[in-house]
Visitor: 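Here it is: the structure, laid out below.
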Number of protein chains: 2
Amino acid sequence: MNLLFLGMTNPKPHYSIISEFVKKQIQEGIYPTGSLIPSENDLCMQFDTSRMTVRQALNELVKEGFIERKHGKGSFVKSERQSLGLLSFKGFSEVVGSADHEVRTLVVEPPAILPWPQGVFESISRAERGEYFTLKRLRCANDVPVMLEYTYLPIEGFESLLSSELLDGSLFKTLSVKYNVDMRNLEQCLRAIQAETIQSNLLKCPLGSPILAIERKYITNQAGLFVYSKLYCYTDHYSISNVLN
Amino acid sequence: MNLLFLGMTNPKPHYSIISEFVKKQIQEGIYPTGSLIPSENDLCMQFDTSRMTVRQALNELVKEGFIERKHGKGSFVKSERQSLGLLSFKGFSEVVGSADHEVRTLVVEPPAILPWPQGVFESISRAERGEYFTLKRLRCANDVPVMLEYTYLPIEGFESLLSSELLDGSLFKTLSVKYNVDMRNLEQCLRAIQAETIQSNLLKCPLGSPILAIERKYITNQAGLFVYSKLYCYTDHYSISNVLN
DNA sequence: AAATTCATCTTGTATAGACAAGTACTTGTC
DNA sequence: GACAAGTACTTGTCTATACAAGATGAATTT
């Protein structure tokens with residue numbers, strides 16, 4: 001039997017250890033975007049295991065969107081890890097293939113710990129309470145405000161988030177790298193509503209104009225831990241696009 | 001070497017043959033929802049192949065959402081095959097766990113072959129032309145109109161669709177079972193707009209009220225074949241919910 | 001110089017076994 | 001009857017190997 005896994009306090013299967021090992025290296029930038037990761041045989045030798053086990057590990061990473069495999073060439077780090085339910089903006093005047101607009105994120109209020117916002121998530125969840133790490137941000141395309149985003153994460157276990165900056169300004173990346181919390185899937189509710197004062201002010205749209213309201217509940221890989229988002233989008237200048245698999 | 005696959009005109013790998021065989025049986029109702037499909041060893045014997053090959057076949061079906069596996073028990077047909085980007089309705093007055101509302105689909109106009117609707121899919125595609133199998137349907141929850149749905153499928157190769165009914169009234173199910181066309185993923189664009197006359201009439205909402213407009217482009221397993229949908233949703237009484245993975 | 005062949009790398013498919021672990025039922029004991 | 005042990009089934013993990021097939025570059029031939 002092989003000795004590499006013996007010393008670990010880990011009851012996890014080998015393929016899982018290998019896939020997490022490689023995943024961590026990708027997240028740390030040791031294998032940058034587009035680069036080649038070690039071949040199956042390399043990993044077999046490195047972990048003293050069989051090829052089927054390594055293949056199972058790599059197939060996990062394919063499922064999670066970290067790598068893609070090319071027959072005869074190797075396994076490559078995916079160019080852009082598609083985050084779950086990622087929304088992007090699409091301008092109406094754009095020609096297909098034109099240069100991307102610049103997306104900028106403004107922090108409306110500094111991150112804070114606040115009680116659960118009663119009444120905001122009427123469609124998705126009614127049973128939450130306690131204190132939440134709260135982000136209020138405004139996303140702009142070419143300096144035009146498009147999306148107002150409120151994000152809520154239960155503070156329990158994440159108290160240290162307030163004391164340091166988010167990695168690349170992304171809460172989800174920080175959760176994944178620092179806390180091993182990954183988003184598994186999400187439930188969302190869509191509505192078209194009329195902009196109220198607060199949305200109309202921040203999105204710079206007329207009061208009462210139709211805006212898109214999205215409530216999201218992210219289910220994580222940690223049982224009982226959910227992240228909530230409420231999004232308001234003004235879609236007259238940029239529509240909201242995404243891809244489902 | 002085994003003889004079961006030899007006579008076939010099929011250059012496909014064994015696991016793919018097995019998974020399609022089982023998939024077909026599920027679609028035909030031979031293994032109904034929730035039932036147990038044959039064990040890995042059964043399938044090994046039936047196809048005279050090794051267990052790893054059968055496992056690969058079954059894992060494909062897991063990925064596609066047809067079955068789920070339970071350690072120590074067996075593989076079961078999934079209760080409800082989650083179709084890609086499926087939208088459901090959520091009433092505001094409902095208590096969690098209450099009985100579902102009844103969803104009914106009305107055909108606004110009988111299926112017809114029409115030219116590509118210029119200007120409808122401004123956000124997603126501008127380059128289509130030719131004739132399309134066109135469906136215009138209205139989805140109601142508890143007899144309240146919620147979603148107006150236009151669906152477009154290039155008629156080439158699907159001429160026979162007009163001459164027979166859709167399976168369970170579903171275009172996608174018909175495409176999957178009769179034509180082996182499956183939806184791989186989809187791109188969609190969301191906007192909040194004001195209801196115009198036609199939408200306000202059909203959705204029974206005031207002219208100018210905010211409605212949700214969704215443009216969808218479904219990418220299929222057949223290269224170059226796309227299905228398009230345009231959806232208008234009146235979300236004052238029922239919001240639109242879905243799940244992303 | 002151009003084309004072909006060859007060697008060698010990669011991932012993809014497949015075999016034939018082994019043991020672990022979860023589940024369900026039977027059997028035996030108290 | 002209640003409980004424990006055994007057993008027979010399931011899927012999960014893993015080994016060691018083999019050949020197929022795509023990609024790539026070097027060596028050979030034309």
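Note that the structure is a prediction, hence the values are computed from the model and not measured. The chains referred to below are lettered A, B, ... by the order of the sequence lines, with proteins before strands, and numbering in each begins at 1.
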Visitor: Stepwise, does the side-chain contact (heavy atoms from CB on, under 4.5 Å) test hold for B:F158 with B:L175?
Guide: CA-CA 9 Å; B:F158 303 100; B:L175 288 176; 3.7 Å; yes
Visitor: Knowing that exactly one of B:E28, B:E64, B:E60 qualifies, which makes a side-chain hydrogen bond (donor to acceptor under 3.5 Å, both in side chains) with B:K23?
Guide: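 When B:E28, B:E64, B:E60 are each tested with B:K23, the side-chain hydrogen bond (donor to acceptor under 3.5 Å, both in side chains) holds only for B:E64.
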Visitor: Does A:L167 offer a backbone N or O that forms a donor-acceptor pair with the side chain of A:T174 under 3.5 Å?
Guide: yes
Visitor: Nearest of D:dT15, C:dT10, D:dG12 to any side-chain atom of B:R51?
Guide: D:dG12
Visitor: At a heavy-atom distance below 4.0 Å, what parts of residues 68-75 of chain A sit against DNA chain C?
Guide: A:R69, A:K70, A:H71, A:G72, A:K73, A:G74, A:S75
Visitor: Distance check needed: D:dA16 P versus A:R55 CZ, whole Å only.
Guide: 17 Å
Visitor: When the distance from CG of A:L43 to C1' of C:dT10 is rounded to whole Å, what number comes out?
Guide: 13 Å
Visitor: Starting at atom CG of B:L36, determine the distance to atom C1' of D:dT11, rounded to an integer number of angstrom.
Guide: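 Taking CG of B:L36 and C1' of D:dT11, I get 11 Å after rounding.
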Visitor: Should A:R104 and A:E102 count as an ion pair when the cut-off is N to O under 4.0 Å?
Guide: yes
Visitor: Taking for each residue the nucleotide of DNA chain C bearing the nearest heavy atom, is the 5' side occupied by A:L58 or by A:M52?
Guide: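 Nearer the 5' end of the strand: A:L58.
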Visitor: How many whole angstroms separate atom CD1 of A:I37 from atom P of C:dT11?
Guide: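 After rounding, the reported distance stands at 8 Å.
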Visitor: Just N and O in the side chain of A:T53: are any of them under 4.0 Å from OP1 or OP2 of D:dT15?
Guide: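 Answer is yes, contact under 4.0 Å.
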Visitor: Could B:K70 and B:F76 be counted as a cation-pi pair, given that NZ or CZ must be under 6.0 Å from the ring centre and within 45° of the axis?
Guide: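 Yes, B:K70 and B:F76 form such a contact.
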Visitor: Would you mind reading off the distance between A:N41 atom CG and C:dT8 atom C1', rounded to a whole angstrom?
Guide: 12 Å
Visitor: Do any side-chain nitrogens or oxygens of A:Q56 fall under 4.0 Å of OP1 or OP2 in D:dC14?
Guide: no
Visitor: Rounding to a whole Å, what distance do you find between B:F47:CZ and C:dA14:P?
Guide: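 Rounding to the nearest Å, CZ of B:F47 and P of C:dA14 are 13 Å apart.
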Visitor: In whole Å, what is the span from the CG atom of B:L61 to the C1' atom of D:dT11?
Guide: 15 Å
Visitor: With both distances under 3.5 angstrom, what nucleotide forms a Watson-Crick or G-U wobble pair with C:dC30?
Guide: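 D:dG1 is the nucleotide pairing with C:dC30.
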Visitor: For C:dC9, does OP1 or OP2 lie under 4.0 Å from any side-chain N or O of A:S39?
Guide: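 Negative; the distance criterion is not met.
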Visitor: Quick one: does NZ or CZ of B:K217 land under 6.0 Å from the six-membered ring centre of B:F226, within 45 degrees of the ring axis?
Guide: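 Relative to the ring axis of B:F226, which defines the angle, B:K217 lies inside both limits.
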Visitor: Using OP1 and OP2 only, check whether a side-chain N or O of B:Y15 sits under 4.0 Å from C:dA14.
Guide: no
Visitor: Could you state the CG-C1' distance from A:N59 to D:dC14, rounded to the nearest angstrom?
Guide: 15 Å
Visitor: Establish, from distance only, whether the side-chain atoms of A:Y179 and A:S160 form a donor-acceptor pair under 3.5 Å.
Guide: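 A donor-acceptor contact under 3.5 Å links the two side chains.
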Visitor: Measuring to OP1 and OP2 of C:dA16, would you say a side-chain N or O of B:S50 lies under 4.0 angstrom away?
Guide: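 The answer is no; no side-chain N or O of B:S50 sits under 4.0 Å from OP1 or OP2.
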